[in-house]
Amino acid sequence: MKKLTIIILTCAFAASAIAATGEIKGQITDNFNEPLEFAMVVLTIQDAKKSTLTDAEGYFSFKPLEPGTYTMSVSYINYKTVILKDIILSDGQVRTLDVEMEPKTLDIDVVIKPVPLDLINLGYPNQPYIITSTQIGKAPTTDVKDIAAVITPGAYQSDAGGSINFRGSRNDATLYFVDGVKIMGSLGVPQNAIEDLMVISGGMPARYGDSMGGIVVITTKSYKFF
């Protein structure tokens, strides 16, 4: 019984280590491009919050982070509070969000700024293919494997709902992960339960192990954050 408990705990910690690998970082400056020390940065996802203060050069970092959609607020005395919404962070992704603060005025205390498009994912040698819950909800199919095959160039699927082959690889060369746990056989994840889906077809991160084909990574909406 003791050995079984140790094995279960080890697997739980391993799954957590795989899933929580993302990072959101950046620099906070004023309207003269001077760094702001001790600016308060708060990261929120669902009902969970994390906060930190910027260093002497205005830099901050949150890691490790689970994949999901975050909101970030930045506040500093005598400056308008800045809110960044809908920050999409995929598994293992590094997002850099620099914020320029503006002095307070009599009529505006809060500024909501658009999140810049993240064209380069520093977490991977090759750019993965990512689809969010909103896009998944509009897909013409409810099968997760069908969606993954459609969004990925070079993917082949002989039948709807069947295994995915990448660049001519065999069926068993494709690996599937749900909330950081490797899944064998049926995925069993309903379409409306997915927060985001990511397909990696080349340049595999070491934490997923060896794969001769591709990797499909699913994060569910109910996954525990922080």
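- Atom CE in M101 sits 15.0 Å away from atom CD in E34 (nearest 0.5 Å).
- V150 and V217 fall into different hydrophobic clusters, where Ile, Leu, Val, Met, Phe, Trp and Tyr residues are linked whenever their side-chain heavy atoms come under 4.5 Å apart, directly or through other members.
- When side chains are defined from C-beta on, M40 counts as touching L53, because their heavy atoms get closer than 4.5 Å.
- You'll find the side chain of Q27 reaches within 4.5 Å of the side chain of P35, heavy atoms only.
- Contact check for M72 versus L43: side-chain heavy atoms found under the 4.5 Å cut-off.
- Here CG of L197 is found 10.0 Å from CD1 of I130. Values are rounded to the nearest 0.5 Å.
- Under the 4.0 Å criterion applied to side-chain N and carboxylate O atoms, E195 and K221 are not assigned as salt-bridge partners.
- Minimum interatomic distance between E100 and V82 (heavy atoms only, all atoms of both residues): O-CG2, 4.5 Å.
- Cluster membership for I83 and L89, using ILVMFWY side-chain heavy atoms within less than 4.5 angstrom, is not shared.
- Within the 4.5 Å cutoff, no side-chain heavy atoms of T81 are placed close to those of Y76.
- In summary, the side chains of D179 and T220 do present a donor paired with an acceptor at a separation below 3.5 Å, with no hydrogens or angles considered.
- Between the side chain of R95 and the backbone N or O of I88, at least one donor-acceptor pair lies under 3.5 Å.
- I215 and F177 make their closest contact through CG2-CD1, 3.9 Å (heavy atoms, listed as atom of the first residue, atom of the second, distance).
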Would you sort out whether F60 and D55 count as a side chain to side chain contact (heavy atoms under 4.5 Å, CB included), showing the intermediate values?
CA-CA 7 Å; F60 70 91; D55 62 17; over 6 Å; no
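- You'll find the side chain of M198 stays beyond 4.5 Å of the side chain of T219, heavy atoms only.
- Here the CD1-NZ distance, from I24 to K50, works out to 10.0 Å after rounding to the nearest 0.5 Å.
- Both V216 and I183 belong to a single network of hydrophobic side chains, linked directly or stepwise wherever heavy atoms of I, L, V, M, F, W or Y lie under 4.5 Å apart.
- The shortest distance between side-chain heavy atoms of T71 and I87 does not fall below 4.5 Å.
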L84 vs K113, side chain to side chain contact (heavy atoms under 4.5 Å, CB included): CA-CA, chis, key distance, verdict:
CA-CA 5 Å; L84 302 180; K113 293 190 175 184; 3.6 Å; yes
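- Atom NZ of K182 is surrounded by 12 or fewer heavy atoms from other residues, nucleotides or ligands within 6.0 Å.
- Annotation: D47, atom CG; neighbour count of heavy atoms from other residues, nucleotides and ligands within 6.0 Å does not exceed 12.
- In this structure a side-chain-to-backbone donor-acceptor pair under 3.5 Å is missing from D98 to G26.
- In terms of hydrophobic clustering, with Ile, Leu, Val, Met, Phe, Trp and Tyr side chains grouped at heavy-atom distances under 4.5 Å, V42 and V99 are assigned to different clusters.
- A donor and an acceptor atom, one from each side chain of Q157 and D146, are located under 3.5 Å apart.
- The side-chain tip of K145 points at the ring of Y176 from less than 6.0 angstrom away and within 45° of straight on.
- Atom CD1 of I28 and atom CD of E57 lie 13.5 Å apart (nearest 0.5 Å).
- Residues I218 and V144 are in side-chain contact: their nearest non-hydrogen atoms beyond the backbone lie under 4.5 Å apart.
- Remark: the backbone N or O of L36 is paired with a side-chain donor or acceptor of T54 at under 3.5 angstrom.
- Minimum heavy-atom separation, T105 to D109: O-OD1, 3.7 Å.
- Side-chain contact between E37 and Y59 is absent, with no heavy atoms from C-beta onward closer than 4.5 Å.
- Note that CD of Q46 is 9.5 Å distant from OG1 of T69, once rounded to the nearest 0.5 Å.
- Of the N and O atoms on the side chains of S61 and E23, at least one donor lies less than 3.5 Å from an acceptor on the other residue.
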Evaluate the criterion side chain to side chain contact (heavy atoms under 4.5 Å, CB included) for residue pair D196 and I131; output intermediate values, then yes/no.
CA-CA 6 Å; D196 69 42; I131 184 169; over 6 Å; no
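- Taking NZ of K49 as the start and OH of Y70 as the end, the distance is 15.0 Å to the nearest 0.5 Å.
- Side-chain heavy atoms closer than 4.5 Å link hydrophobic residues (I, L, V, M, F, W, Y) into clusters, and following such links, even through other members, never connects F38 to V74.
- The backbone N or O of I164 sits less than 3.5 Å from a side-chain atom of T174, completing a donor-acceptor pair.
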